[in-house]
Q: 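Here you go, one structure.
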Amino acid sequence: MDVMNAIRGRRSIRKFQYKEIPAKVLEELLEAARLAPSAGNRQAWELIVITDQNIISNLVPICKNQQFINDSSVFLAAVTVPGQRWTMTDLTIMIDHVTLAAYEKGLGSCWIGAFDQDAINQLLGVPEDRSVAIGLALGYPAEYPSPRSRKSPQELFHWNKYGQQKQSPILRNDP
Ligand SMILES: Cc1cc2nc3c(=O)[nH]c(=O)nc-3n(C[C@H](O)[C@H](O)[C@H](O)COP(=O)(O)O)c2cc1C
């Protein structure tokens with residue numbers, strides 16, 4: 001799949017039909033994570049790959065009762081690395097790689113940032129000096145939402161100097 005098609009087609013999926021993700025597919029997603037760029041190539045992140053449905057169920061109350069997490073096949077919990085300035089940036093890029101690779105493989109994903117950090121660290125046995133920074137629910141989609149809105153190019157882009165605009169037929173206002 002063309003990268004731009006994956007970027008355009010991906011959505012946050014909040015309704016999954018439970019089905020196991022084949023090991024090969026899951027491992028390819030982890031490879032997409034591993035190949036992500038990072039500051040100084042330090043790859044300042046770790047990932048807890050949760051396939052145990054009991055643990056996934058236990059995540060629901062910790063993640064502000066977001067019930068759809070229960071139907072996800074796999075939950076990825078991205079962990080910061082202490083003393084690394086770019087750890088949040090590195091792990092954010094890594095998760096984005098996974099979302100696009102997942103879309104290419106027919107999987108849906110949803111970033112999960114709403115959770116009780118102490119509780120998730122405790123549930124997953126994360127050492128004191130590290131912390132879960134973001135989660136990603138993964139599974140087979142049971143919904144195909146329309147594109148969500150985005151800010152206009154005028155709100156987002158400045159050309160050469162702050163405040164300078166440019167008209168473009170390619171940069172669109174629709175999602
Ligand atoms: C850092 C971050 C945290 C997020 N946390 C949640 C969350 O806890 N629950 C949820 O349903 N969606 C969450 N989202 C998904 C966003 O709501 C979603 O990406 C946004 O509304 C745009 O929709 P789209 O992904 O379908 O384009 C999060 C996204 C990001 C990047």
Side-chain angles (χ1 to χ4, degrees), residues 1-18 21 29-30 32-33 35-39 43-50 53 55-81 84-124 126 130-157 170-175:
M1 181 184 288
D2 179 282
V3 174
M4 204 60 200
N5 281 342
I7 290 171
R8 279 202 192 285
R10 181 213 59 84
R11 311 266 179 274
S12 290
I13 298 299
R14 299 185 177 89
K15 211 170 170 197
F16 296 114
Q17 40 167 319
Y18 182 79
I21 300 176
L29 297 187
L30 301 183
L35 296 177
S38 63
Q43 303 149 64
W45 52 267
E46 293 173 297
L47 200 53
I48 304 174
V49 183
I50 304 160
Q53 288 303 313
I55 301 178
I56 289 178
S57 299
N58 289 331
L59 283 168
V60 172
I62 289 172
C63 298
K64 316 279 181 208
N65 281 317
Q66 301 187 74
Q67 293 296 328
F68 70 92
I69 291 171
N70 227 349
D71 300 320
S72 57
S73 307
V74 171
F75 189 97
L76 302 180
V79 176
T80 54
V81 169
Q84 293 283 346
R85 179 181 167 206
W86 297 104
T87 182
M88 281 297 288
T89 306
D90 288 356
L91 71 77
T92 304
I93 297 166
M94 175 276 290
I95 290 288
D96 205 49
H97 265 213
V98 176
T99 66
L100 296 177
Y103 178 75
E104 190 212 19
K105 295 182 183 314
L107 284 160
S109 65
C110 190
W111 293 68
I112 301 293
F115 53 76
D116 177 328
Q117 204 157 35
D118 291 339
I120 203 168
N121 289 340
Q122 198 187 0
L123 177 74
L124 303 179
V126 177
R130 278 143 218 259
S131 194
V132 173
I134 199 77
L136 190 75
L138 282 166
Y140 289 93
E143 63 168 3
Y144 293 91
S146 305
R148 274 85 189 209
S149 65
R150 291 296 189 260
K151 290 183 181 176
S152 69
Q154 291 72 25
E155 287 171 281
L156 294 169
F157 306 123
I170 303 225
L171 295 168
R172 305 186 312 214
N173 274 315
D174 61 22

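Quick caveat: nothing in here was measured; it's all calculated off a predicted structure. Counting starts at 1 for both ligands and their atoms, following the listed order.
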Q: Who passes side chain to side chain donor-acceptor pair (under 3.5 Å) against T89, sequence neighbours left out?
A: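 For T89 there are no side chain to side chain donor-acceptor pair (under 3.5 Å) partners, ignoring immediate neighbours.
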
Q: Taking R11 for its side chain and P145 for its backbone only, find out whether a donor-acceptor pair lies under 3.5 Å.
A: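 Indeed, once roles are kept as given, a pair shorter than 3.5 Å links the two residues.
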
Q: Is the backbone N or O of A39 less than 3.5 Å from a side-chain atom of D90, with the two atoms forming a donor-acceptor pair by type?
A: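 Yes.
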
Q: Heavy atoms, side chains only, cut-off 4.5 Å: are Y18 and S73 in contact?
A: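 They are in side-chain contact.
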
Q: Partners of R130 by side chain to side chain donor-acceptor pair (under 3.5 Å), sequence neighbours excluded?
A: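 Per chain and number, R130 pairs via side chain to side chain donor-acceptor pair (under 3.5 Å) with E46.
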
Q: For residues 110-121, dump all side-chain donor-acceptor pairs below 3.5 Å to protein atoms at least two apart in sequence or in another chain.
A:
unit_1	atom_1	unit_2	atom_2	d
D116	OD1	D118	N	3.1
D116	OD1	A119	N	3.0
Q117	NE2	S131	OG	3.1
Q117	NE2	V132	O	2.7
N121	OD1	V132	N	2.8
N121	ND2	Q117	O	3.2
N121	ND2	S131	OG	3.0

Q: Distance under 4.0 Å, heavy atoms only, partner ligand 1: which residues pass?
A: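 Contacts of ligand 1 under 4.0 Å: R10, R11, S12, R14, Q66, F68, C110, W111, I112, G113, A114, I134, R148, R150.
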
